[in-house]
Amino acid sequence: MMEGLLELKGMRFHAFHGCLPQERVDGGEYVVDFSVKLDVERAVDSDELGDTLDYSKVYAVVREQMELPSDLIENVAGRVAAAIRAAFPQLPPFTLKLTKLAPPVGGVCEGASITLVG
């Protein structure tokens, strides 16, 4: 078996999550990172998309969930992870990180993140 780490890094979305009314009006910038360890031996040998995870389909699942507003980033991340799991039940445990850029904290803050593993 040959194991590989497949990552989708820096998926950016303008979305309308947050507890403050203005966040639902103006929205904000979010970054989602996804990673999963896979057996890539067949894909390495075959050069066939069917022998690996089609990451464009993972992106589509993430995008769909990011379009649905939530108050908390924990809820958004949980929905994204559950939707990925439902779409790809054969996947081994994966990591999903969701970052809200420039969160309204009353000062300078690059981002607020939640990372889910499982």
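Being a predicted model, the structure only gives us computed values, none of them experimental. Below, each value reflects all heavy atoms present in this structure, side chains not excepted, and no hydrogens, waters or symmetry copies.
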Can you find a heavy atom in the side chain of Val58 that is under 4.5 Å from one in the side chain of Phe34?
yes

Of all heavy-atom pairs between Ala77 and Ile114, which one has the smallest distance, and what is that distance?
CB-CG2, 3.7 Å

Taking the six-membered ring for Trp, is the centroid-to-centroid distance between Tyr59 and Phe13 below 6.0 Å?
yes

Over 60° means perpendicular and under 30° means parallel, so tell me whether Tyr30 and His17 are parallel, tilted or perpendicular.
perpendicular

Which heavy atom of Ser113 sits nearest a heavy atom of Ile73, and at what distance?
C-CD1, 3.9 Å

Is there a side-chain contact between Val36 and Leu53 in this structure, where contact means two heavy atoms from C-beta onward sitting under 4.5 Å apart?
yes

Could you tell me whether the side chain of Thr52 reaches within less than 4.5 Å of the side chain of Asp54, counting heavy atoms only?
no

Looking at Val32, Val62, Leu116, which hits side chain to side chain contact (heavy atoms under 4.5 Å, CB included) with Leu98?
Val32

Rounding to 0.5 Å, atoms CG (Leu49) and NZ (Lys57) come to a distance of 7.0 Å

All heavy atoms of Lys100 vs all of Gly18, minimum pair found to be NZ-CA, 3.7 Å

Check whether Val76 and Val31 end up in the same hydrophobic cluster, where Ile, Leu, Val, Met, Phe, Trp and Tyr are linked by side-chain heavy atoms less than 4.5 Å apart.
no

Same cluster or not: Phe16 versus Leu20, using hydrophobic residues (I, L, V, M, F, W, Y) connected whenever any side-chain heavy atoms lie under 4.5 Å apart?
no

Any luck finding a side-chain donor-acceptor pair between Glu29 and His14 under 3.5 Å?
yes

Could you check whether Asp33 pairs with Lys97 (Lys NZ or Arg NE/NH1/NH2 to Asp/Glu carboxylate O, under 4.0 Å)?
no

Strictly distance-based, threshold 3.5 Å: is any side-chain N or O of Glu41 a donor or acceptor partner for the main-chain N or O of Met1?
yes

Find out whether Leu91 and Arg85 are in side-chain contact, i.e. whether some heavy atom of one side chain is under 4.5 Å from a heavy atom of the other.
yes

Would you indicate whether the side-chain heavy atoms of Ser35 and Leu5 approach each other to under 4.5 Å?
yes

For Ser46 and Asp51, which heavy atoms make the closest approach, and how far apart are they?
OG-OD2, 2.5 Å

Between Leu101 and Arg12, does a side chain to side chain contact (heavy atoms under 4.5 Å, CB included) hold up when you go through it step by step?
CA-CA 10 Å; Leu101 300 178; Arg12 292 186 70 109; 3.3 Å; yes

Run the ring pair (Phe, Tyr, Trp, His ring centres under 6.0 Å) test against Tyr55 and tell me which residues pass, sequence neighbours left out.
none

Please name the pair of heavy atoms, one in Cys109 and one in Pro103, separated by the smallest distance, quoted to 0.1 Å.
O-CD, 3.6 Å

Can any side-chain N or O of Arg24 pair as donor or acceptor with the backbone N or O of Ser70 at less than 3.5 Å?
yes

State whether the number of non-hydrogen atoms from other residues, nucleotides or ligands found under 6.0 Å of Glu110 atom CD is greater than 12.
no

Checking the side chain of Arg79 only, and the main-chain atoms of Leu68 only, is there a donor and an acceptor separated by less than 3.5 Å?
yes

Mark yes or no for whether Glu64, through its side chain, and Val61, through its backbone, hold a donor-acceptor pair below 3.5 Å.
no

Taking atom CG of Asp47 as the centre, does the number of heavy atoms from other residues, nucleotides or ligands within less than 6.0 Å exceed 12?
no

Under the 3.5 angstrom rule, does the side chain of Asp39 hit a backbone N or O of Glu3 as a donor-acceptor pair?
no

